[in-house]
Amino acid sequence: MSVRRLLSALFTLSFCFSLAQNCVVNGVTAFAFTESESYDNAVIEAQRKLIVDCGGGVRVSSSSLYSIQEDETGKVSDTFNESISLALSGLIKGFKITDVTTELLEGGQIKTTLDAQGKVIEPVQSDLELNISGLKEKYFENDYLEMQLASNMPQSYVYVFQSRDGQIELLCPNQVQSGVFDENGIVRIPNDRYKLKVTVDDADLTKESNTFFVIGSTRRIPYSGDGSVMGLINWYDNLPSKGRCFATQSVLYLRR
């Protein structure tokens, strides 16, 4: 089993809400070469705008959610995955798309324009805690990847996702690993029945990046998402509010 293009967003959130606010954003636009990816881009941009327009002290570092930028120190930030983390934090409730139009542009790109609404709220403090260890910041192609996850609640459940090319892929649980924390609140991924091998998918790239989303829950609710960002957010919203949490981890894959 391969895990591809792993990078976590590094970001700072500041919560200082006074009241939950109903918010509407109109005319949000995004672009991609497929209709589904263009739609997902627009959904995430709409969520970002809800946070920026109605979120008080929540700061989002970039308006370009699909840009991956590297600064002079070599640090890479992925603002697309930052926006997913904002939504998973429980900051947006009642998110609804109210109007969508698509347009084929010259050159083959798809333009999606939509209106959306939602309520920006202060997130509920969870009783569940989650920690990731064992991952390095950088891996070379064909290295093997391992992680250890720890929870303060033994026998709770963990779900490990990667965000890749705008799609959300479930890595664990799978056919050979249940994703249940043991009596000490520990689970190691992968277990001894399979391996996670680093690959760089695109032949013309020397490095690739993406994000792990590790989600803990005190109740087992099978992942029912369709691979989209909204599918992940809607599934997460059904987990018990005081018995769920998430963490992200930053990894960069390099070709020798």
Side-chain angles (χ1 to χ4, degrees), residues 2-11 24-53 60-71 74-88 92 95-118 141 161-171 198-213 223-235 248 250-255:
S2 295
V3 178
R4 296 165 292 184
R5 302 185 59 180
L6 303 174
L7 171 74
S8 175
L10 302 175
F11 58 94
V24 176
V25 291
N26 295 316
V28 177
T29 60
F31 305 86
F33 285 101
T34 67
E35 186 172 346
S36 61
E37 186 177 357
S38 178
Y39 175 80
D40 275 349
N41 288 2
V43 167
I44 293 301
E45 174 66 8
Q47 292 172 337
R48 186 199 68 83
K49 283 185 64 63
L50 285 172
I51 295 292
V52 171
D53 293 351
V60 181
S61 62
S62 174
S63 61
S64 178
L65 294 175
Y66 265 81
S67 67
I68 296 178
Q69 302 173 347
E70 183 173 295
D71 63 21
K75 181 184 293 184
V76 179
S77 63
D78 183 344
T79 52
F80 163 66
N81 285 307
E82 174 181 325
S83 66
I84 301 176
S85 297
L86 286 170
L88 292 178
I92 301 174
F95 183 77
K96 182 185 297 184
I97 303 297
T98 55
D99 186 55
V100 181
T101 60
T102 59
E103 178 185 356
L104 177 62
L105 303 179
E106 184 176 353
Q109 278 199 318
I110 304 294
K111 176 183 177 181
T112 298
T113 304
L114 57 79
D115 301 337
Q117 63 185 38
E141 193 168 30
F161 301 86
Q162 68 168 332
S163 167
R164 180 172 59 87
D165 295 331
Q167 293 294 109
I168 304 299
E169 179 182 354
L170 177 66
L171 298 180
V198 173
T199 63
V200 179
D201 292 338
D202 293 338
D204 59 339
L205 295 181
T206 59
K207 59 184 175 183
E208 293 183 337
S209 57
N210 213 319
T211 302
F212 272 129
F213 286 95
Y223 174 62
S224 57
D226 57 1
S228 69
V229 171
M230 280 306 301
L232 175 64
I233 293 167
N234 290 335
W235 169 80
T248 63
S250 173
V251 180
L252 186 66
Y253 283 8
L254 304 172
R255 177 172 281 135

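In this text, all values refer to a predicted model and were calculated from it rather than measured experimentally. Throughout, residue positions are numbered sequentially from 1 according to the sequence presented.
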Checklist outcome for this item: Rounded to the nearest 0.5 angstrom, the CG-CD distance for Leu171 and Gln162 is 5.0 Å
Checklist entry - Closest heavy-atom contact between Gly231 and Ser228? => result N-OG, 3.0 Å
Checklist entry - side chain to side chain contact (heavy atoms under 4.5 Å, CB included) with Thr34: which residues, sequence neighbours excluded? => result Ser36, Glu37
Next on the checklist: Using 0.5 Å steps for rounding, measure from the CG atom of Leu232 to the CD atom of Glu169.
Outcome noted: 12.5 Å
Checklist entry - Which pair of heavy atoms, one from Glu45 and one from Thr29, lies closest together, and at what distance? => result CG-O, 4.3 Å
Item to check | Rounded distance (nearest 0.5 Å) linking atom CD of Gln117 with atom CG of Asp99 | outcome: 11.5 Å
Checklist entry - Tyr223: what forms a ring-ring contact (aromatic ring centres under 6.0 Å, His included) with it, not counting sequence neighbours? => result Phe161, Trp235
Next on the checklist: Taking the side chain as everything from C-beta on, heavy atoms only, tell me whether Phe95 gets closer than 4.5 Å to Ile233.
Outcome noted: no
For residues 107-116, which side-chain donor-acceptor pairs fall under 3.5 Å, sequence neighbours excluded?
unit_1: Thr112; atom_1: OG1; unit_2: Ser38; atom_2: OG; d: 2.6
unit_1: Asp115; atom_1: OD1; unit_2: Gly27; atom_2: N; d: 2.8

Checklist entry - Atom CD in Glu35, atom CG in Asp40: separation rounded to 0.5 Å? => result 11.0 Å
Next on the checklist: Test of understanding: with salt bridge (charged side-chain N to carboxylate O under 4.0 Å, His left out), list the residues that count as partners of Glu103, not counting sequence neighbours.
Outcome noted: none
Next on the checklist: Within this structure, what is the OG1-CZ distance for the pair Thr199 and Arg255, rounded to the nearest 0.5 Å?
Outcome noted: 9.0 Å
Item to check | Inter-residue atom distance Leu105.CG - Phe31.CZ, 0.5 Å rounding | outcome: 6.0 Å
Checklist outcome for this item: Nearest heavy-atom approach of Ala42 to Val28 is O-CG1, 3.7 Å
Next on the checklist: I need the minimum non-hydrogen distance between Ala30 and Asn41, along with the two atoms involved.
Outcome noted: CB-CB, 3.4 Å
